[in-house]
**Student:** 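What follows is a structure written as structure tokens; I'll ask about it next.
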Amino acid sequence: MNLIKQEKDYYELIIDMLDYGVIDDSKRDLLNKRKSRYGISDERAKEIEDFALKENDNNLFKQGKSYYIDNNYEEAIRCFKKAVELNANDANIWNWLGSSYN
């Protein structure tokens, strides 16, 4: 398997893990094993993970806004809560989450 394919597989594994929330210790162990097997450097693994987190955060935020606009506040809250777990420093997400509760 070439390096680009291995990095893509690593990225997709991270995305799959993020569907269930943040990456816990057991998921981190699996990622470390996969990183080692694929020969991905620590620096490159961090770049891939940061990109995946940002993409997932953006997707959750967009989904949440869509639910909010459709007056489906329960689903909007679910999306915004996950987005906040991934990016707790984003005031905009907190604002939308608070508005959804309101």
**Student:** Could you list the residues that satisfy salt bridge (charged side-chain N to carboxylate O under 4.0 Å, His left out) with R37, not counting sequence neighbours?
**Tutor:** none

**Student:** If every non-hydrogen atom of A76 is compared with every non-hydrogen atom of S100, which pair is closest and at what distance?
**Tutor:** CB-OG, 3.7 Å

**Student:** How far does CD1 of I14 sit from CD1 of I48, to the nearest 0.5 angstrom?
**Tutor:** 6.5 Å

**Student:** Taking transitive links into account, so neighbours of neighbours count too, which hydrophobic residues share a cluster with Y73 at under 4.5 Å side-chain distance?
**Tutor:** F61, Y68, I77, F80, V84, I93, W94, W96, L97, Y101

**Student:** Within a strict 4.5 Å, meaning less than it, do heavy atoms of the Q6 and D9 side chains meet?
**Tutor:** no

**Student:** Quick one: list whatever passes side-chain hydrogen bond (donor to acceptor under 3.5 Å, both in side chains) with K62, sequence neighbours left out.
**Tutor:** none

**Student:** For the CD atom of Q63 and the CG atom of N58, what is their distance to the nearest 0.5 Å?
**Tutor:** 12.0 Å

**Student:** How would you list, by chain and number, every residue that makes a salt bridge (charged side-chain N to carboxylate O under 4.0 Å, His left out) with K8, sequence neighbours excluded?
**Tutor:** E12

**Student:** So, do L13 and M17 sit near enough that their side-chain heavy atoms are less than 4.5 Å apart?
**Tutor:** yes

**Student:** Looking at E47 and R44, is there a salt bridge between them, counting it only when a charged N and a carboxylate O are closer than 4.0 Å?
**Tutor:** yes

**Student:** N72: what forms a side-chain contact (heavy atoms from CB on, under 4.5 Å) with it, not counting sequence neighbours?
**Tutor:** Y67, E74, E75

**Student:** Counting heavy atoms not belonging to D70, are there more than 12 under 6.0 Å from its CG?
**Tutor:** yes

**Student:** Test of understanding: with salt bridge (charged side-chain N to carboxylate O under 4.0 Å, His left out), list the residues that count as partners of D42, not counting sequence neighbours.
**Tutor:** K35

**Student:** Looking at D29 and K33, is any side-chain nitrogen of the basic one under 4.0 Å from a carboxylate oxygen of the acidic one?
**Tutor:** no

**Student:** Decide if atom CD1 of I4 counts as having more than 12 heavy atoms of other residues, nucleotides or ligands within a radius under 6.0 Å.
**Tutor:** no

**Student:** Compare every heavy atom of L60 with every heavy atom of K82, then report the nearest pair and how far apart it is.
**Tutor:** CB-CD1, 3.7 Å

